[in-house]
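This report concerns only the one structure given below.
Keep in mind the model is a prediction, meaning the values are calculated, not measured. First listed ligand is number 1; within each ligand, the first listed atom is number 1.
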Amino acid sequence: MTQLERSSWHVKDTAVASELIELLGLSDAEKASLKALHGKAQELGPQMTQEFYDRILSQENTAQYMEGADVERLRVSVSDWFSDLFAGDYGTDYAQKRIVIGKIHVKIGLPVRYPLAMLDVVQKYGELVTEGQSEDVKQAFRKVLALDIAIFNQAYEDNQLHHLSELMGNERLARRLLQGDL
Ligand code: HEM
């Protein structure tokens, strides 16, 4: 099969965030509308975090990852992560922080389905923050959450591509292998 070169393959690291912001059409007005809710997100953060860790600790397969972890520190980190969804600034620093968080989960050997499933809790509290706001603001939140889900997944894909590229000698061959084309 003839292999096409895709321009998306050259979008790396923090450039992924700016590319996606454009794809999602996240406007400056939408960013500002989320920023106005930052305080409310901070208030709801601890409640969100409580439900978040209650769920992780409720099942053996996910609770195992918490053994030896400083859960009190993580509660603060996750609460900050949540309120930062309403930071209103989704530039390079934001993208870099989110990529690092994704990578931390790759490094602890956590299957990606667990963070993805936890987004149910994040979405619930995001909806509470935007409750009573216009449909435009609710949509702005959905966009930022979609951005974060995409960045989280990208960390997992980048890790696979990185290791496979080392084995195969280059990224193009690694991509072909993942496509089932070799
Ligand atoms: C929406 C999903 C998730 C988000 C947003 C999230 C967010 C975070 C954040 C912000 C940190 C702190 C990173 C740092 O040290 O700077 C962290 C660390 C951690 N997370 Fe998550 N997390 C998610 C899902 C999960 C799940 C499902 C588990 C386990 C089942 C988990 C286990 C851990 C562990 C063990 C650490 C500490 C890693 C270390 O310091 O070595 N996370 N997470």
Just to confirm my output: which protein heavy-atom neighbour is closest to atom 32 (C) of ligand 1, and how far is it? Met66 CE, 3.2 Å
Heavy-atom gap Gln64 to ligand 1 smaller than 4.0 Å: no
Side-chain donor-acceptor contact under 3.5 Å, Tyr90 with Asp148: no
Residue Tyr65 vicinity, atoms of ligand 1 by number, heavy atom under 4.0 Å: 29 (C), 35 (C)
Looking only at heavy atoms, the pair that brings Leu116 and Ile149 closest together is CD2-CG2, 3.9 Å
Looking at atom 15 (O) of ligand 1, what's its closest protein heavy atom, distance included? Arg73 NH1, 3.3 Å
What protein N, O or S atoms come within a distance below 2.8 Å of atom 21 (Fe) of ligand 1, ordered by chain and number? His105 NE2
Please report the C-alpha distance between Tyr114 and Asn61 in whole Å, then the side-chain angles of each, then the deciding distance to 0.1 Å, and finally whether the side chain to side chain contact (heavy atoms under 4.5 Å, CB included) criterion is met. CA-CA 10 Å; Tyr114 297 128; Asn61 286 358; 3.6 Å; yes
Can you list the atoms of ligand 1 that are under 4.0 Å from a heavy atom of Thr62? 30 (C)
Of all the non-hydrogen atoms in the protein, which one sits nearest to atom 24 (C) of ligand 1, and at what distance? Phe52 CZ, 3.7 Å
Is it true that Lys97 and Asp84 make a salt bridge, defined as a side-chain N closer than 4.0 Å to a carboxylate O? yes
Please could you name the atoms of ligand 1 that Tyr114 approaches to less than 4.0 Å, counting only its heavy atoms? 27 (C)
For Phe52 and Phe82, I'd like to know if the aromatic rings sit close, meaning centre-to-centre distance below 6.0 Å. no
Closest protein heavy atom (residue, atom, distance) for atom 34 (C) of ligand 1: Ile108 CD1, 3.7 Å
So which heavy atom on Lys40 is nearest to which on Val129, and how close? NZ-O, 3.2 Å
Can you tell whether the side chains of Asp120 and Arg55 come within less than 4.0 Å, N to carboxylate O? yes
What atoms in ligand 1 come closer than 4.0 Å to a heavy atom of Trp81? 5 (C)
With the threshold set at under 4.0 angstrom, would you say Phe82 reaches ligand 1 through any of its heavy atoms? no
When you check the gap from the basic side-chain N to the acidic O, do Glu127 and Lys138 get nearer than 4.0 Å? no
Does Lys31 come within less than 4.0 Å of Asp89, counting only side-chain N to carboxylate O? no
State plainly whether the residues Glu135 and Arg142 are in salt-bridge range, i.e. N to O under 4.0 Å. yes
Check the pair Ile101, Trp81 against side chain to side chain contact (heavy atoms under 4.5 Å, CB included), reporting the backbone distance first and the verdict last. CA-CA 9 Å; Ile101 291 167; Trp81 176 91; 3.6 Å; yes
